[in-house]
Q: 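This structure is in structure tokens; I'll ask about it shortly.
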Amino acid sequence: MARTAVSGRLATRLRWQAAALIERREESPTAQTLAFDLPGWAGHLPGQHVDVRLTAEDGYSTQRSYSIASAPDADRVELTVQRVPDGEVSPYLADDLMVGDAVEIRGPVGGWFVWRPEQLEPVLLIAGGSGVVPLMSMIRVRGMIGSRVPFRLLYSVRDPADRLYGPELDRGAPGLDTTWVYTRGTPDDWARPAGRLTPDDLVRWGWPADFEPTCYVCGPTGFVEAAAGMLVALGHHPDRIRTERFGPSGG
Ligand SMILES: Cc1cc2nc3c(=O)[nH]c(=O)nc-3n(C[C@H](O)[C@H](O)[C@H](O)COP(=O)(O)OP(=O)(O)OC[C@H]3O[C@@H](n4cnc5c(N)ncnc54)[C@H](O)[C@@H]3O)c2cc1C
């Protein structure tokens with residue numbers, strides 16, 4: 001009986017499902033949030049991603065992974081796609097897919113890079129660029145269930161125009177602290193000079209290692225490797241550092 005239930009859920013995750021775009025929202029000049037209708041969606045854990053498949057009229061097909069940005073909400077799933085210049089899929093999703101158009105979606109995928117509401121330890125979220133997407137789902141679920149688990153987010157972007165979810169993060173929530181790290185251009189009168197994330201940022205704005213937070217690091221490969229290395233050097237146990245790499249480059 002239990003085995004049947006498990007294989008049923010697995011089959012649902014492996015199955016491609018048509019998903020119509022029902023809404024799009026600009027998050028930044030280069031990123032769009034896309035809301036899809038997925039009838040019968042079984043829900044997801046914050047941090048999981050889906051596979052998105054596009055198929056051309058001549059039968060050519062390609063797929064990419066996108067993290068889920070939203071908290072579970074009936075049949076609605078939101079993704080945020082950052083346009084990669086010269087990319088094959090992301091410019092189409094970010095610029096061309098219109099409300100009413102459909103793609104195919106499979107998932108949810110992933111069981112390690114997730115935050116479960118029963119986790120009670122402090123959480124340190126470290127994002128580079130669009131790597132904030134799965135972390136935003138964790139923040140939204142935390143808010144949705146009224147969790148008081150302390151969350152700290154360090155979010156690295158090139159400049160203020162690149163911020164995703166800026167107004168929502170600036171509104172904040174009890175027990176959620178957000179620190180913006182600008183690498184190229186800062187707002188006026190910003191105390192921290194522009195520059196990449198440093199160990200000093202993690203000491204000032206993260207949690208001390210002896211608080212034993214679970215750390216979630218997501219973004220371009222180079223960013224993730226650098227941030228995870230700093231956390232280890234600061235004494236965080238590797239078992240409490242969970243990483244998700246979005247792309248092959250450090251850009
Ligand atoms: C688990 C997972 C979750 C992801 N979640 C998101 C998400 O929530 N939002 C999002 O926008 N993207 C996300 N990505 C990245 C996404 O899957 C694609 O890689 C990205 O959209 C680029 O696809 P493309 O077809 O446009 O580019 P491609 O045609 O695949 O690549 C074009 C060029 O860009 C380079 N490139 C590819 N991806 C990146 C990248 N991420 N950063 C910098 N350079 C890159 C390639 O090396 C190549 O030179 C995720 C990736 C993974 C593995």
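Not measured: the values here are computed from a predicted model. When a ligand or atom number is given, it counts from 1 through the structure's own listing order.
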Q: Heavy-atom distances under 4.0 Å are what count here, so tell me which part of V89 touches ligand 1: side chain, backbone, both or neither.
A: both

Q: Can you tell which part of R83 has a heavy atom less than 4.0 Å from ligand 1: side chain, backbone, both or neither?
A: neither

Q: Which residues, ordered by chain and number, are linked to L45 in its hydrophobic cluster, where ILVMFWY side chains connect at heavy-atom gaps below 4.5 Å, directly or through other members?
A: V114

Q: Pick one of side chain, backbone, both or neither for how H49 approaches ligand 1, counting any non-hydrogen atom pair under 4.0 Å.
A: side chain

Q: Salt bridge check: are E244 and R242 linked by an N-O gap of less than 4.0 Å?
A: no

Q: Using a heavy-atom cut-off of under 4.0 Å, does the side chain or the backbone of V109 touch ligand 1, or both, or neither?
A: neither

Q: Within the 4.0 Å heavy-atom shell around V133, which atoms of ligand 1 are there?
A: 8 (O)

Q: Who's closest to atom 18 (C) of ligand 1 heavy-atom-wise, of Y66, Y92, F223?
A: Y66

Q: According to the interplanar angle, ranging from 0 to 90°, do the rings of W180 and Y182 count as parallel (below 30°), tilted (30 to 60°) or perpendicular (above 60°)?
A: parallel

Q: Of the choices S65, S137, A69, which has the non-hydrogen atom that lies closest to atom 50 (C) of ligand 1?
A: S65

Q: Could you pull out all residues at least two apart from Q119 that satisfy side-chain hydrogen bond (donor to acceptor under 3.5 Å, both in side chains)?
A: E121, Y216

Q: Can R142 be said to sit on top of W115's aromatic six-ring, NZ or CZ under 6.0 Å from centre and within 45° of the ring axis?
A: no

Q: How about R76: does its CZ atom have over 12 heavy atoms from other parts shown lying under 6.0 Å from it?
A: yes

Q: Judged on heavy-atom distance to atom 9 (N) of ligand 1, which of T33, L93, T221, T80 sits nearest?
A: T80

